[in-house]
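Positions are given from 1, in the same order as the sequence printed here.
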Amino acid sequence: MAMTDAAERPAFRTSSPKLDWLHALKALRRLLNDKEDTVQVFEIMRALNGSSTAKGYLRLLETQQGGRIAYERPEFARLLMDDAWLDSLPEGSVGAAYRRFIREEQISAEGLIDISRQGAPAVDEQHPYAWMGRRTRDVHDIWHILSGYHRDGLGEACLVGFSYAQTKGLGWALIAVGAAWRARGAKTYPYKRAIWQGYRRGKAARWLLGEDYERLMAEPLEAARRRLNITPATYYDAIPAEFRG
């Protein structure tokens, strides 16, 4: 069989794949019409994030504890789906806030995994870049906790700005710009400033993909925010919850 056959092509490359802006824009339109259509987020990521996952993995190798984490390659989602482990985390910790968050919102790591697999079997491949992609996916709701952004429309928009600063994946940037464009006519509350602040907060924070998340989950939430230089979300917090979309 020739090496050019589809079955022989690697699912992950070190070179930058072609960006599919048309597909991403169509997915963005569907997402802006229904913020609960999380499938479209993964469609946008696959279309635009290019080599950002590979670059993130290589960056992980250069951090103090990243080499060990990359060598062990833990599947963090397994812990997030372990109720006994979640219940063992102390009150006031990052993990306790996460535990309360997912139970109040009736969401789960398993649900996010299922959505990410739709049309993308490569997500489960035993490849370092695939693992890094899963790692990025699995800490999304932890970033909700650390950043203080809720799951309302504005909170998600602010978090994608934060995530773009952290990952440099263009998919996150497109969603943030789309959300800001939709809010362009709003005069009552500073929606666009809140989204821009999300990006600035993500840029100022330590690189969160380099963290040992099992250890982080047991850390007191406010202490973790200080250590990671995650500043308050002042614009987002100033907007009443009922007006966050």
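Q197 places a side-chain N or O within donor-acceptor distance of the main-chain N or O of T234, the cut-off being under 3.5 Å. For the pair R99 (side chain) and L89 (backbone), a donor-acceptor distance under 3.5 Å is present. Here the side chain of S147 pairs a donor or acceptor atom with the backbone of W143 at under 3.5 angstrom. Counting only distance, with no hydrogens or angles, the side chain of Q166 and the backbone of G202 share a donor-acceptor pair below 3.5 Å. Of the possible polar contacts, none joining the R200 side chain to the A165 backbone as a donor-acceptor pair under 3.5 Å is found. A donor-acceptor pair under 3.5 Å is formed between the side chain of T38 and the backbone N or O of E36.
Between K35 and E156 there is no salt bridge, since none of the side-chain N atoms of the basic residue sits less than 4.0 Å from a carboxylate O of the acidic one. Comment: E219 engages R227 in a salt bridge, judged by a side-chain N to carboxylate O separation of less than 4.0 angstrom. The existence of a salt bridge linking R225 and E222 is confirmed by a sub-4.0 Å separation between a basic side-chain nitrogen and an acidic carboxylate oxygen. Between R206 and E211, at least one side-chain N (NZ, or NE/NH1/NH2) sits under 4.0 Å from a carboxylate O, which counts as a salt bridge.
Side chains of D141 and Y98 form a contact here, defined as non-hydrogen atoms less than 4.5 Å apart. Counting heavy atoms from C-beta on, the side chains of L58 and K55 never come closer than 4.5 Å. At least one side-chain heavy atom of I107 sits less than 4.5 Å from a side-chain heavy atom of F101. Between F162 and W172 the shortest side-chain heavy-atom distance does not fall below 4.5 Å. Under the 4.5 Å side-chain criterion, counting only non-hydrogen atoms from C-beta, E75 is in contact with W131. Under the 4.5 Å side-chain criterion, counting only non-hydrogen atoms from C-beta, R59 is not in contact with M132.
M81 CE to L86 CG: the interatomic distance, rounded to the nearest 0.5 Å, is 10.5 Å. Atom CG in L174 sits 6.0 Å away from atom CH2 in W21 (nearest 0.5 Å). Remark: D87 CG to D82 CG distance equals 9.0 Å, nearest 0.5 Å. Annotation: the span from S51 atom OG to Y57 atom OH amounts to 15.5 Å, rounded to 0.5 Å. How far CZ of R46 is from OG1 of T53: 11.5 Å, rounded to the nearest 0.5 Å. Between the OG1 atom in T63 and the CG atom in L209 there is a gap of 10.0 Å [rounded to 0.5 Å].
Legend: side chain to side chain donor-acceptor pair (under 3.5 Å) pairs involving residues 236-245, not counting sequence neighbours, sorted by first then second residue: D152-Y236, Y236-R244.
When every heavy atom of I230 is checked against every heavy atom of A205, the shortest pair comes out as CG1-CB, 3.9 Å. Between C158 and A194, the shortest heavy-atom contact is SG-O, 3.4 Å. Shortest non-hydrogen contact noted between A157 and A176 is O-CB, 4.4 Å. Nearest heavy-atom pair across G171 and L48 is N-CB, 3.7 Å.
One hydrophobic cluster holds both I102 and L221 under the rule that ILVMFWY side chains link at heavy-atom gaps under 4.5 Å. Hydrophobic clustering, with ILVMFWY side chains joined whenever heavy atoms are under 4.5 angstrom apart, keeps I113 apart from Y129. Grouping the Ile, Leu, Val, Met, Phe, Trp and Tyr side chains by contacts below 4.5 angstrom, directly or via other members, places W207 with I142. With hydrophobic clusters built from ILVMFWY side chains whose heavy atoms lie under 4.5 angstrom apart, L154 does not share a cluster with Y235. By the rule that hydrophobic residues join a cluster once side-chain heavy atoms approach within less than 4.5 Å of another member, V39 and F42 end up as members of one cluster.
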Going through the distances and angles, do R103 and D83 end up as a salt bridge (charged side-chain N to carboxylate O under 4.0 Å, His left out)?
CA-CA 11 Å; R103 292 175 183 175; D83 285 338; 3.7 Å; yes
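Listed by chain and residue number, F76, W85, E214 satisfy the side-chain contact (heavy atoms from CB on, under 4.5 Å) test with L79 (two or more places apart in sequence, or in another chain). Qualifying side chain to side chain donor-acceptor pair (under 3.5 Å) partners for R73, counting only residues two or more places apart in sequence or in other chains: none.
Annotation for R68: atom CZ counts as buried by contact number, over 12 foreign heavy atoms lying within 6.0 Å. Annotation: K26, atom NZ; neighbour count of heavy atoms from other residues, nucleotides and ligands within 6.0 Å does not exceed 12. Other residues, nucleotides and ligands contribute more than 12 heavy atoms inside 6.0 Å of the CZ atom of R151. No more than 12 heavy atoms of other residues, nucleotides or ligands lie within 6.0 Å of CD in E110, so this atom counts as exposed by the packing criterion. For CZ of R30, the number of neighbouring non-hydrogen atoms (other residues, nucleotides, ligands) closer than 6.0 Å is greater than 12. Heavy-atom neighbours of E72 CD from other residues, nucleotides or ligands within 6.0 Å: above the threshold of 12.
Both tests pass for R201 against the ring of Y149: distance under 6.0 Å to the centre and angle within 45° of the axis.
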